[in-house]
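Nothing fancy with the numbering, it's 1 onward along the sequence.
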Amino acid sequence: LYANEIQTARDAMERAYGNIISKANLSIADIGKSALGAYGGGTVYMSKRFTSSQNLTQSMKDMAESGFHPKIGNKTGAEVVTAHELGHYLADRVRKKTGLSEREIVDRAGKRLGVKVNNMASQISEYARYNYAETIAEASADVYANGRKASKASKASRAIMAEIKRSLR
């Protein structure tokens, strides 16, 4: 359905984080009525409920306009959802390889910014406030989609993940 876009995001994330990304399984599946993507057990799932890339992209743009998700820049919805779910995958690998929890990763990024964790998550998106795992995933999507224009909080989270990526091998 949107295999090329998923691969584009995966390739970019692999350039940013190394070959650990190539170990993630990717699947398009029926994951519920409201989910755009999901992560579990080493697999990134993309929703098959969207009949076209354009529909998914418009849905992401609408959610970004409301502040629920970060803006998607010039990326497609499939690319941004893939980057988000790969953010979960990366956090999971960090936890398994280093013992660092999502909270500890987010705390490090917040300290770097000099802000409390909730304030940091609020700078990313409404959904980033849901829990620490979503903070990391939303930051991953924000930096992927917006690069230098991503929020300072997202860039701080990305920097922390980059610092510990050596542990992801």
Side-chain angles (χ1 to χ4, degrees), residues 1-32 34-65 67-96 102 105-106 109 121 124-128 130 132-151 153-165 168-169:
L1 185 62
Y2 13 75
N4 289 340
E5 295 159 271
I6 292 168
Q7 191 61 48
T8 296
R10 182 184 193 150
D11 290 347
M13 295 287 285
E14 192 168 328
R15 284 190 300 277
Y17 293 103
N19 69 353
I20 188 72
I21 295 296
S22 66
K23 297 175 184 173
N25 298 311
L26 299 172
S27 178
I28 297 173
D30 184 3
I31 54 174
S34 63
L36 303 176
Y39 171 75
T43 300
V44 168
Y45 297 95
M46 295 292 294
S47 176
K48 69 177 186 178
R49 76 181 170 98
F50 291 93
T51 57
S52 73
S53 174
Q54 292 81 10
N55 290 346
L56 177 55
T57 298
Q58 189 58 54
S59 182
M60 285 296 295
K61 285 181 179 179
D62 292 345
M63 286 186 269
E65 283 302 313
F68 189 72
H69 288 301
K71 294 192 182 318
I72 68 168
N74 65 353
K75 308 297 185 195
T76 68
E79 288 176 274
V80 176
V81 172
T82 300
H84 173 102
E85 298 307 335
L86 285 171
H88 285 300
Y89 175 82
L90 285 166
D92 188 45
R93 295 299 125 210
V94 166
R95 184 180 47 74
K96 287 179 178 175
E102 285 93 345
I105 295 166
V106 173
I124 300 170
S125 72
E126 183 181 327
Y127 194 44
Y130 185 72
Y132 300 111
E134 296 305 341
T135 303
I136 294 167
E138 287 286 87
S140 176
D142 187 18
V143 172
Y144 172 74
N146 299 298
R148 291 184 190 133
K149 293 180 181 179
S151 73
S154 294
K155 289 187 275 191
S157 177
R158 163 68 174 89
I160 294 298
M161 293 296 281
E163 288 171 9
I164 58 181
K165 80 177 186 180
L168 299 176
R169 293 183 182 137

Minimal heavy-atom distance between G147 and K155, with the atoms involved, is O-CD, 4.2 Å
Under 6.0 Å from the CZ atom of F68, do we count more than 12 heavy atoms belonging to anything else shown? yes
key: V81 side chain near M60 side chain, heavy-atom distance below 4.5 Å   = yes
Note: I105 and M161 closest approach over all heavy atoms is CG2-SD, 3.8 Å
Sequence neighbours excluded, the answer for side chain to side chain donor-acceptor pair (under 3.5 Å) partners of S154 is D142, S151
Heavy atoms of S53 and T76 approach each other most closely as OG-CB, 4.2 Å
Between Q58 and the options L56, D62, N55, the side chain to side chain contact (heavy atoms under 4.5 Å, CB included) test singles out D62
Smallest heavy-atom separation, L86 atom then A24 atom, equals CD2-CB, 3.9 Å
With sequence neighbours left out, the residues meeting side chain to side chain contact (heavy atoms under 4.5 Å, CB included) with Q7 are R10, D11
With sequence neighbours left out, the residues meeting salt bridge (charged side-chain N to carboxylate O under 4.0 Å, His left out) with K96 are D92
Correct closest heavy-atom pair for A121 and T135 would be CB-OG1, 3.8 Å
Point to revise | Within-4.5 Å side-chain heavy-atom neighbours: K71 and K149 | key: no
Output for pair (Y17 OH, S140 OG), nearest 0.5 Å, gives 4.5 Å
* With distance as the sole test, does T43 use its side chain to make a donor-acceptor pair with the main-chain N or O of N25 at under 3.5 Å? -> no
CE (M13) and CG (L90) are apart, to the nearest 0.5 Å, by 5.0 Å
CG of L36 to NE2 of H84, rounded to nearest 0.5 Å, is 8.5 Å
*asked:* Less than 3.5 Å apart, any donor N or O on the side chain of E134 or Y127 sitting next to an acceptor on the other?
replied: yes
### Query
Side chains of E5 and T82: is there a donor and an acceptor less than 3.5 Å apart?
no
TODO: Please determine, by modelled atom types, if S125 and E138 share a side-chain donor-acceptor pair under 3.5 angstrom.
DONE: yes
### Message
For R49, is there any backbone N or O sitting under 3.5 Å from a side-chain donor or acceptor partner on S47?
### Response
yes
- prompt: Taking the side chain from K61 and the backbone from I72, do they hold a donor-acceptor pair closer than 3.5 Å?
  reply: no
**Over 12 foreign heavy atoms within 6.0 Å of CG, N4** = no
Rounded to the nearest 0.5 angstrom, the NZ-CD1 distance for K48 and I28 is 10.0 Å
- [ ] Decide yes or no for P70 and I124: does some side-chain heavy atom of the first lie under 4.5 Å from some side-chain heavy atom of the second?
- [x] yes
A141 and A83 have their tightest heavy-atom pair at CA-CB, 4.1 Å
Interatomic distance, NE2@H88 vs CD@E102, rounded to 0.5 Å, equals 9.0 Å
**Message:** For Y45 and E85, which I'm curious about, is there any donor-acceptor pair between the side chains at under 3.5 Å?
**Reply:** no
